[in-house]
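Quick notes on the structure that follows.
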Number of protein chains: 2
Amino acid sequence: MLFGKDRKATKPDAIIQQLMRIVGQKEVLYLQEDLISYECDGYTMSKGMPKAVVFVNNTKQVSDVVKYLNKQGIPYIARGAGTGLSGGATPLGGEVLISLVRMKKMLHLDLENRKAVVEPGYINLKLTQSISDKGYYYAPDPSSQYACTIGGNVAENSGGAHCLKYGVTTNHILGLEVVLPTGEIIELGEDGVPDRPGYDLLGLLTGSEGTLGIVTKITVKVLKNPEAKKTVLAYFDDIADASQAVSEIIAAGIIPAALEMMDQIAIEGVESAAYPVGHPRDIAAFLLIEVDGVAAGIEDQIDEILTVCKDNQVREVKVARDEAERGLWWANRKMGFGAMGAISPDYLVQDGVIPRTRLPEVLTKIAEISKKYDLRIANIFHAGDGNLHPLILFDARIPGQSERASSAGSACLKVCADVGGSITGEHGVGIEKSDEMRFIFHDDEIEAQTKIRAVFNPDDRLNPGKLFPQPGRCVEVKQEMSKEGL
Amino acid sequence: MLFGKDRKATKPDAIIQQLMRIVGQKEVLYLQEDLISYECDGYTMSKGMPKAVVFVNNTKQVSDVVKYLNKQGIPYIARGAGTGLSGGATPLGGEVLISLVRMKKMLHLDLENRKAVVEPGYINLKLTQSISDKGYYYAPDPSSQYACTIGGNVAENSGGAHCLKYGVTTNHILGLEVVLPTGEIIELGEDGVPDRPGYDLLGLLTGSEGTLGIVTKITVKVLKNPEAKKTVLAYFDDIADASQAVSEIIAAGIIPAALEMMDQIAIEGVESAAYPVGHPRDIAAFLLIEVDGVAAGIEDQIDEILTVCKDNQVREVKVARDEAERGLWWANRKMGFGAMGAISPDYLVQDGVIPRTRLPEVLTKIAEISKKYDLRIANIFHAGDGNLHPLILFDARIPGQSERASSAGSACLKVCADVGGSITGEHGVGIEKSDEMRFIFHDDEIEAQTKIRAVFNPDDRLNPGKLFPQPGRCVEVKQEMSKEGL
């Protein structure tokens with residue numbers, strides 16, 4: 001597959017030269033040493049060498065590059081910051097990567113109508129930072145928000161810790177400008193319309209993992225800062241008690257802004273990393289619960305949350321004293337994935353969804369998978385919306401461990417699918433989980449989806465081989481599954 | 001077009017007989033006198049005689065009927081309660097109507113995971129009624145909720161007065177079972193997944209106005225009743241003041257559960273109908289504002305709303321004393337459309353969306369349209385989300401008035417489109433506004449949508465002629481527009 005890997009290009013070929021004419025000579029990378037860092041995104045288990053990386057500066061350049069590559073029959077992939085966790089921007093080999101990082105301006109800000117228009121390379125956190133002094137923020141907050149781009153968030157329909165109350169990216173997108181795989185430029189969506197006429201193409205493009213078009217302009221909702229927020233940390237000796245507390249908080253009619261859970265191994269990780277809080281190492285799990293809204297209403301909700309925790313045998317529960325303590329708790333939590341590096345040479349993040357009430361049973365099964373594959377598994381969980389992140393710890397230097405980690409990850413997803421959940425909560429399917437799509441979709445359902453892709457992307461030239469199982473691979477997958485006794 | 005209108009069928013033909021074999025003899029209407037009430041839905045300006053009405057009882061019957069009609073090349077339309085306001089279930093002439101009103105059961109209720117599974121003919125209000133004693137409700141509340149079906153709500157992506165805070169139907173649908181135009185049965189969506197893998201077909205089907213498939217099972221979210229709600233009624237002498245108050249309430253960070261506005265003519269209507277409140281007849285507009293949530297937080301929000309109203313020259317503002325008064329205010333408001341019958345022989349409801357801040361300017365333009373077409377226009381407005389309902393009053397017995405009403409309605413939509421809004425907030429496009437789609441979509445955007453339709457419904461045999469402008473009609477539309485100086 002790794003087309004180009006052995007090629008030591010020193011002189012640009014005719015295609016590279018033409019791409020340079022479109023975007024400028026310095027805006028095209030084609031030497032192997034320059035391309036190595038583009039072999040994968042944040043999902044490092046699969047790599048492929050691109051033919052070139054092209055840095056586009058405006059919508060017209062995107063359109064011109066796409067039209068030219070179409071003519072040449074060369075596949076291409078849009079790429080943001082490369083922080084994706086399922087290989088959505090990873091080449092199979094030989095594609096041209098269209099990097100959108102230079103298109104990073106805010107084009108328009110309209111606080112009265114609560115929206116902003118940004119280019120796709122605009123960094124997620126920068127939006128909140130640039131409007132927070134006026135009392136506004138942008139809600140979706142993936143853990144990579146200091147680096148990831150809003151264009152990438154649209155492609156992956158990114159979530160984040162605070163998506164329980166406010167929804168994922170698709171709930172915050174009002175409009176898109178898109179370059180279709182034909183090179184045509186279309187506009188989707190408009191101002192704050194509750195029910196757009198026609199089919200919901202805006203919703204269709206959002207989360208399509210870069211397979212239907214390249215987003216070149218994004219209109220997002222911005223929200224008014226809540227008047228107040230309060231954050232609770234609760235330590236439990238039994239994970240079933242923590243799960244029960246989650247269900248009871250939701251059942252009480254409280255929708256927290258965030259409701260996070262971490263288990264013992266995950267706590268060991270974050271306590272060994274940059275922002276230790278001093279969590280006890282011997283608890284089974286903690287809950288991090290944040291409520292926001294009108295100040296007067298919050299006190300009542302906090303009281304109710306404390307009562308629920310006490311009713312469920314909490315060992316210790318406390319409210320953040322001040323913004324500094326709240327900030328530390330969140331910094332510690334947001335280190336979750338990266339902190340695994342402190343306790344394991346390598347780790348694989350999985351991303352499944354389960355009905356909230358099935359958590360204890362799913363965690364038991366994940367513990368069994370850990371035992372079977374002889375790998376430690378930490379669990380970080382957006383508990384409020386049932387989005388589980390098993391972190392499979394392994395050492396790639398030990399032969400066979402990478403493969404075992406990958407199989408253990410797939411087995412975790414199977415457990416999620418089997419309890420009526422899904423194989424991705426917020427990280428997307430990408431390369432990583434294209435085969436696992438069969439856990440939740442029948443052939444005719446996948447076919448309906450690939451037919452939709454064909455409307456926009458008939459030759460599968462835009463981000464080929466992603467999102468859907470490759471034809472002919474299903475037999476292998478099924479065999480592997482039955483081998484593993486799943 | 002009215003194929004069949006002159007045909008006095010007395011004996012079932014071979015097609016009717018076969019349909020009777022599939023669903024049962026008594027479940028097929030085919031005599032002209034029985035078909036007359038199916039010539040249109042709640043949009044009465046366009047009518048067409050169906051070939052037959054078939055009452056299906058289960059998913060398999062829907063699939064069998066669809067497969068048989070495909071073989072015969074006969075077009076068909078799914079129909080719920082027929083309360084739609086854009087002709088989405090109105091025949092062009094000769095279609096078979098597949099009525100889903102017999103499929104009206106609740107199949108499953110899971111309050112712990114906050115969801116219910118219903119058949120498409122299940123009536124919207126019945127869901128809230130059946131779970132309210134347990135402290136839950138279903139959020140989307142179209143004014144027709146006592147009659148309309150949840151299947152119809154999915155087709156139209158229905159809204160309602162309380163959609164400002166809680167969103168429209170698409171925000172409350174977790175899963176669908178759908179019979180495709182091939183007769184295949186597919187399942188879309190799953191349990192509470194924040195970001196579903198693959199393309200968002202669930203979102204695509206929702207609001208597709210019965211052109212992509214026939215929904216046979218629906219999983220919806222149910223919500224916990226808010227702990228408390230309070231309702232404010234504010235009378236204004238100047239509509240610009242009322243509009244400014246709307247903007248300031250939202251700008252204060254309050255998201256009311258509902259934020260409704262009615263102008264003087266609309267008030268004249270509701271005060272002449274079944275539930276008069278005693279609103280002064282000489283005010284320019286009233287605002288009806290409801291907040292809900294945790295009891296302690298609500299008082300503060302009410303105080304802030306009262307302050308905003310007073311800062312904007314409100315004549316009188318009051319909080320509902322009790323549930324009875326609140327109920328009366330809402331009954332009065334929900335009579336809004338029907339009440340026009342008390343002050344005009346006929347009326348046409350329009351449904352446009354505008355950016356909230358453009359309201360005063362749009363109302364001025366609507367007043368000019370009223371003058372130009374010499375027809376009174378009342379305005380009912382979901383002010384919080386910018387969804388305007390101009391009600392054009394006319395007398396169909398006076399030659400030319402129906403046509404003038406229709407043109408005035410189109411002109412109102414053009415005004416909405418021109419300020420960056422849209423031609424439908426919640427009623428859909430249907431037959432009524434298929435030509436007006438050109439106000440907001442370019443040809444290539446419409447083409448992208450009709451290609452999506454072709455994936456599911458390649459022969460346009462399911463609900464033909466709806467949602468998109470008919471080929472060849474664009475020239476006429478454009479001429480008419482320029483004649484009217486728009």
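Below, chain A is the first sequence line, B the second, and so on; all start at residue 1.
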Closest contact, heavy atoms only, [X] versus [Y]:
X: Pro355(A); Y: Asn113(B); value: CB-OD1, 4.2 Å
X: Glu112(A); Y: Arg356(B); value: O-NH2, 4.3 Å
X: Thr424(A); Y: Pro197(B); value: CG2-CB, 3.4 Å
X: Tyr199(B); Y: Gln449(A); value: N-OE1, 2.7 Å

If you tally heavy-atom pairs under 4.5 Å between each of Thr211(B), Ile446(B), Ile298(B) and chain A, the highest tally belongs to Thr211(B)

Closest-packed option against chain A by number of heavy-atom pairs under 4.5 Å, given Ala251(B), Cys163(B), Pro226(B), Gly135(B)
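It is Ala251(B).
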
Looking at [options], which one has more heavy-atom pairs under 4.5 Å with chain B than the rest?
options: Ile423(A), Thr206(A), Leu212(A), Asn225(A); value: Leu212(A)
options: Ser208(A), Gly159(A), Ser247(A); value: Ser208(A)
options: Leu180(A), Asp300(A), Leu223(A); value: Asp300(A)

Check each atom of [X] against the heavy atoms of chain B and say whether the ones under 4.5 Å are side chain, backbone, both or neither.
X: Arg453(A); value: both
X: Glu187(A); value: both
X: Ala448(A); value: both
X: Ile254(A); value: neither

Original post:
Is there side-chain contact between Asp444(B) and Ile186(A), with at least one heavy-atom pair below 4.5 Å?
Top reply: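 Yes, side chains in contact.
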
#### Entry: Side-chain heavy-atom pair Leu204(B), Ile452(A) within 4.5 angstrom cut-off
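Yes; the side chains approach each other to less than 4.5 Å.
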
Here the gap from Lys224(A) atom NZ to Ile255(B) atom CD1, rounded to the nearest 0.5 Å, amounts to 11.5 Å

So CD of Glu447(B) and CD of Glu184(A): to nearest 0.5 Å the spacing works out to 7.0 Å

NZ/Lys165(B): more than 12 non-hydrogen atoms of other groups inside 6.0 Å: yes

Under 4.5 Å to a heavy atom of chain A? For Ile250(B) that would be both

